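Treat the numbers as computed from the prediction; the structure is a model and nothing was measured. Values below: all heavy atoms of this structure, side chains included; hydrogens, waters and symmetry mates excluded.
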Amino acid sequence: MESEISILYTPITGILFGGCANDQFCLELNYVDQDIEYTIEKGIPHELNHLVYEPLHINDPNRGTALRQVIDEGLACFFTWLFFDKNISPAEAVENMTKEEWTWYLSNEKQIFEQTFEYFDDVSGDNPLLRNDRYKVFPLAPKTLYYWLGFRIIQKYVERNGPESWRDVYELDIAVVLEKSGYREYIAQLE
């Protein structure tokens, strides 16, 4: 398997940092609102995880769904947390959140899941789960909903299946990861 990593300095900004395709990602050095130190230090492990994960799901029946993006981003954030031997907080591993931002998500966890679950099977890429910036279902959400939600699903998967079970996620179908995480049951018992 081959992958491509590009470092860019362009006259027109807009890419920032992330995947361009399943086997490539880029880092734009002159993006105005970027914390370059965080992007390089924490972003590279995150993006490298995508390069490993995504090709393994070519035949997953849910490959084109929003749930795939949730699990993919959640695993990349979880991998970043593990990469740093849990010496960074989960909040920092998920888009460099503050403790207050993380607390906001935990306080709204049940509502986030219940109001976005219906979009898990969506294949358009244009739905409130993936585009809260546009639809504003949770206008006070401090960061990207599905990164945080994916991290929580992976976190619950590991709590339920053992500390090394995160490795299973690379080979399991996406829907199976959600099912075996017990996250729906966890949400149901929240008040």
For [X] against [Y], the heavy-atom pair lying closest together:
X      : Y      : result
Lys143 : Met97  : CG-CG, 3.6 Å
Ile71  : Ile154 : CG2-CD1, 4.2 Å
Leu172 : Asp60  : O-OD2, 4.1 Å
Glu109 : Arg152 : OE2-NE, 2.9 Å
Thr65  : Asp121 : CG2-O, 3.8 Å
Gln111 : Phe138 : O-CZ, 3.4 Å

Is there a donor-acceptor pair closer than 3.5 Å between any side-chain N or O of [X] and the backbone N or O of [Y]?
X      : Y      : answer
Asp122 : Asn127 : no
Asn132 : Ala141 : no
Gln189 : Tyr186 : yes
Asp72  : Arg68  : no
Ser165 : Asp168 : no

>> Could you walk me through whether Tyr170 and Asn49 satisfy the side chain to side chain donor-acceptor pair (under 3.5 Å) test, starting with their C-alpha distance in whole Å, then the side-chain angles of each, then the deciding distance to 0.1 Å, before giving a yes or no?
In response: CA-CA 10 Å; Tyr170 292 101; Asn49 188 78; 2.4 Å; yes

Rounded to the nearest 0.5 Å, how far does [atom2] of [Y] lie from [atom1] of [X]?
X      : Y      : atom1 : atom2 : answer
Leu129 : Phe113 : CG    : CZ    : 10.5 Å
Glu114 : Arg184 : CD    : CZ    : 10.5 Å
Gln69  : Glu73  : CD    : CD    : 7.5 Å
Glu92  : Thr98  : CD    : OG1   : 11.0 Å
Ser181 : Gln155 : OG    : CD    : 11.0 Å
Leu51  : Leu56  : CG    : CG    : 11.0 Å

>> Let me check something: do Leu130 and Val123 share a hydrophobic cluster, defined by ILVMFWY side-chain heavy atoms less than 4.5 Å apart, either directly or through other members?
In response: no

Review item, side-chain donor-acceptor pairs of residues 75-86, under 3.5 Å, at least two apart:
residue : atom : partner : partner atom : Å
Thr80   : OG1  : His46   : N            : 3.4
Thr80   : OG1  : Ala76   : O            : 2.9
Trp81   : NE1  : Ile88   : O            : 3.0

Whether over 12 other heavy atoms sit under 6.0 Å from [X] [atom1]:
X      : atom1 : value
Arg160 : CZ    : yes
Glu171 : CD    : no
Asn87  : CG    : yes

> Mind checking what makes salt bridge (charged side-chain N to carboxylate O under 4.0 Å, His left out) contact with Asp126, not counting sequence neighbours?
Replying inline: Arg134

> For the ring-ring contact (aromatic ring centres under 6.0 Å, His included) test, which of Tyr146, Trp102, Tyr105 pairs with Phe151?
Replying inline: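 The passing option is Trp102.
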
> Mind checking whether Ile153 and Leu178 have side chains closer than 4.5 Å, heavy atoms only?
Replying inline: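 With C-beta onward as the side chain, the pair touches.
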
